[in-house]
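Quick note on labels: first sequence line is chain A, next is B, and so on, each numbered from 1. Computed from heavy atoms alone, side chains included, the values below leave out hydrogens, waters and symmetry copies.
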Amino acid sequence: MIPRITIAQAGAHVGESVQIAGWLYNLRRSGKIAFPILRDGYGLMQCVAVKSALPEALFETIRNLTQESSIIVTGKIRADERAPGGFEMDVENLEVVQRVPESDPYPITPKDHGIEFLLEHRHLAIRGLRAHAILGIRHEVIKAVRDYFDSHGFTLVDTPIFTPAACEGTTTLFEVNYYEDNKAYLTQSGQLYNEATAMAFGKVYCFGPTFRAELSKTRRHLREFWMVEPEMAYATLEDVKRVAEEMLVFIVGRVLENRREELKRLERDVTRLEAIQAPFDRMTYDEAIEILHQKGSPIQWGDDFGGTDETLLTQDRQRPIMVDRFPASFKAFYFEPAADRPDVVLGVDVLAPEGYGEIVGGGQRIHDLDLLLQRIEQHKLPKEAFQWYIDLRKYGSVPHGGFGMGIERAVAWICGIEHIRETIAFPRTLYRWAP
RNA sequence: UCCUCAGUAGCUCAAUGGUAGAGCAUUCGGCUGUUAACCGAAGGGUUCCUGGUUCGAGUCCAGGCUGAGGAGCCA
């Protein structure tokens, strides 16, 4: 019985006859020799089919294969410097599972394509080497995030996707009919629920999709994206910053360890990633404003950073920046105010270098009942909907905090790619939600 | 919602207001070591839509549609 292997395993089978199942990536041929390039999801394998060594009908079949036809190739693995992957396979047999017809050829040719065409054909474009590298790194990042939290005492407690009330205005929420005329909203964050589960487990995290109905149309925005959100009981802003820093160093290290090939494919400057070490630069919002003024930004104290401000702050830095102590005026209702400065809150944003902007946002939450009630009122939020959240401040309230990290922004930064839409298999952007 | 840019062959793009073209893909032919192979040939067009200016519009004008980039927005 000939063993079925993947292309990634070829190195362990040199000199053996094996079988690889995949798709025809490309085909180069002359009259009496053909080089089908096989793709199996694990790598590329150059196959060599020599006319004189094969039955005539089989050689003709190989010679006339079409791009992305599904095939199962049997042959002997051989190390060869002329092959792109270092190994090649001398074809002994080839079974065509499905042949792509010439009348309707595979639309994505090896030459250039525009972004519109690639997004229309995203279900096929994900077969390409670039998408394969990016999505492989995405997988590594997610696995690293989970390994980090799992090995630091955090329990994964998933939070609901359907939520009952708008936390802050319905304009950025997707509304759905839950049943009859009862409305529910797709989650924007699991944080409030995390605050409840943290009181049950001590340290928790959730990881899932989040939905924002914003009319944002930039390289940093998706309408559906994935977010990991840890939350810790008995934690302060400093604890939150330390965990965020440690986690980011850990995931970048994992990608460098396990995904060199993919980074090379993306032409990522890995020295930029190797520089991601603790401690990150830390500054307050006040200090950030001062730096921005020196760099000519028109930003006023009390404004949130714009995209260009984030770029200005990070452009000459090797490491991420942690900015904390923001004006309470533009931050959410649940942030704990600074003890010495009631006009600023204990929130922190982590800005990635190279202009990738905010990848982490979080901070310390209000734990005092009266203050929370006051803030809910100030923000004109429906108190009834927050009753369960208010309860958390009645029954053993403690200082606590956490953060959220958008997976796609982190992956775009680590990959060094221009647009966040490439970091998810099927991106949902403002005007495109298919395929 | 606003600003900017774009729309020509299946794809990526050319074409001074004057005969609509190339490369890739497809088809046919050639080639025993190719590396997005190469060489020769063929087929392939509602130039996004509607209207206008002009002897003549892919090109200029008006409106619309679609897409992209950005702004605002972004717990």
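Under the Watson-Crick or G-U wobble criterion, with both distances below 3.5 Å, B:rU4 is paired with B:rA68.
Annotation: ring-ring contact (aromatic ring centres under 6.0 Å, His included) contacts of A:H121 (sequence neighbours excluded): A:F117. Scanning for salt bridge (charged side-chain N to carboxylate O under 4.0 Å, His left out) contacts around A:R78 gives A:D80, A:E88, A:D90, with sequence neighbours left out. Taking A:E377 as the reference, nothing meets the salt bridge (charged side-chain N to carboxylate O under 4.0 Å, His left out) condition, with sequence neighbours excluded. Scanning for salt bridge (charged side-chain N to carboxylate O under 4.0 Å, His left out) contacts around A:D368 gives an empty result, with sequence neighbours left out.
A salt bridge links A:E354 with A:R268: the distance from a Lys NZ or Arg NE/NH1/NH2 to an Asp or Glu carboxylate oxygen falls below 4.0 Å.
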All N/O pairs under 3.5 Å across the protein-nucleotides 2-5 of chain B interface:
none

Name the pairs: protein N/O against N/O of nucleotides 12-14 of chain B, kept only if under 3.5 Å.
unit_1, atom_1, unit_2, atom_2, d
B:rU12, OP1, A:G114, N, 2.8
B:rU12, O4', A:D112, O, 3.4

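Ring centers of A:Y205 and A:Y148: at least 6.0 Å apart, outside the cut-off.
Sequence order on RNA chain B of the closest nucleotides to A:I33 and A:R212 puts A:I33 first from the 5' end.
Annotation: B:rU53 and B:rA42 have their C1' atoms spaced 41 Å apart (nearest Å).
None of A:V228, A:T423, A:I414 except one satisfies the side chain to side chain contact (heavy atoms under 4.5 Å, CB included) rule with A:V141; the exception is A:I414.
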